[in-house]
Amino acid sequence: ETGVTQSPTHLIKTRGQQVTLRCSSQSGHNTVSWYQQALGQGPQFIFQYYREEENGRGNFPPRFSGLQFPNYSSELNVNALELDDSALYLCASSPQSSGANEQYFGPGTRLTVT
Amino acid sequence: AQSVTQLGSHVSVSEGALVLLRCNYSSSVPPYLFWYVQYPNQGLQLLLKYTSAATLVKGINGFEAEFKKSETSFHLTKPSAHMSDAAEYFCAVNNRGSTLGRLYFGRGTQLTVWP
């Protein structure tokens with residue numbers, strides 16, 4: 001059974017640029033959530049996708065957007081990058097959209113904005 | 001919105017000593033509760049979760065946590081620390097009955113284990 005994978009592992013972008021991060025969910029999981037983890041902080045919920053639809057969103061501006069594909073993989077897009085967007089971005093998948101279900105996390109993508 | 005408090009951003013113990021990491025939540029309705037561990041440069045790994053009536057939850061690597069409704073707490077313990085336990089630990093909650101699997105995390109506790 002393949003776990004959650006994310007790509008790329010690291011990347012460096014310049015302020016104002018756009019970035020796309022990718023996530024492949026664990027086999028059999030139809031729900032993907034994205035979290036931002038700033039240095040020294042706990043992860044913060046960005047949004048969740050369930051069966052290709054956005055199922056809920058945290059307190060992040062519209063320049064953070066996402067997609068989920070029929071195979072349940074997902075993308076996180078961030079436009080007009082700001083210095084404060086530098087963080088570890090974590091993707092998590094779960095068997096269904098339910099508060100009781102544990103989420104399985106990928107290794108993350110470390111984004112640095114200069 | 002949920003609030004999760006982890007008392008102590010850093011905890012240091014000797015190898016073989018008891019590990020106690022504290023977590024308190026804010027909601028009046030007991031949420032689903034989770035503990036995750038994060039090793040350097042890695043994602044989060046689930047240690048254990050509380051979703052039902054059993055208040056003492058056993059997890060992986062010898063960890064366990066006890067849900068105490070009266071104290072709104074879900075502290076993580078391990079009787080004997082091992083060097084490999086050194087990592088950052090996060091307590092997280094999710095609203096009971098929610099169809100949105102949104103986790104609210106504490107700020108984390110860095111555990112150091114001395115030989």
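Note that this is a predicted model, so its numbers are computed, not measured. Throughout, protein chains are lettered first and strands after them, A, B, ... in sequence-line order, and every chain is numbered starting at 1.
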[atom1] of [X] to [atom2] of [Y]: how many Å apart, nearest 0.5 Å?
{"X": "Q103(A)", "Y": "L46(B)", "atom1": "CD", "atom2": "CG", "value": "10.0 Å"}
{"X": "L88(A)", "Y": "Q38(B)", "atom1": "CG", "atom2": "CD", "value": "6.5 Å"}
{"X": "E102(A)", "Y": "F34(B)", "atom1": "CD", "atom2": "CZ", "value": "7.0 Å"}

Under a 4.5 Å heavy-atom cut-off, does chain B meet the side chain of Q6(A), its backbone, both or neither?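 Neither the backbone nor the side chain of Q6(A) comes within 4.5 Å of chain B.
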Proximity breakdown for F47(A) and chain B, heavy-atom pairs closer than 4.5 Å: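 When you check distances to chain B, no heavy atom of F47(A) falls under 4.5 Å.
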Applying a strict under-4.5 Å side-chain criterion to I, L, V, M, F, W and Y, I'd like to know whether [X] and [Y] cluster together.
{"X": "L21(B)", "Y": "Y50(B)", "value": "yes"}
{"X": "L76(A)", "Y": "Y35(A)", "value": "no"}
{"X": "L39(A)", "Y": "Y89(A)", "value": "no"}
{"X": "L81(A)", "Y": "F64(A)", "value": "yes"}
{"X": "W35(B)", "Y": "V57(B)", "value": "yes"}

Please find the pair of heavy atoms, one from F45(A) and one from L103(B), that lie closest to each other, and give the distance.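 Minimum heavy-atom contact is CB-O, 4.2 Å.
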Do you know the tightest heavy-atom contact between R57(A) and R102(B)? O-NH1, 3.9 Å
Heavy-atom neighbours of [X] [atom1] exceed 12 at 6.0 Å:
{"X": "L7(B)", "atom1": "CG", "value": "yes"}
{"X": "N41(B)", "atom1": "CG", "value": "no"}
{"X": "R63(A)", "atom1": "CZ", "value": "yes"}

In terms of heavy-atom proximity below 4.5 Å to chain A, should Y36(B) be classed as side chain, backbone, both, or neither? side chain
Identify which part of L44(B) has an atom lying under 4.5 Å from any heavy atom of chain A, answering side chain, backbone, both or neither. both
Best-contacting candidate, R110(A), Q44(A), Q41(A), against chain B by heavy atom pairs under 4.5 angstrom: Q41(A)
Among E88(B), R107(B), Q110(B), which has the most heavy-atom pairs under 4.5 Å with chain A?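 Looking at each of E88(B), R107(B), Q110(B) in turn, R107(B) comes out on top.
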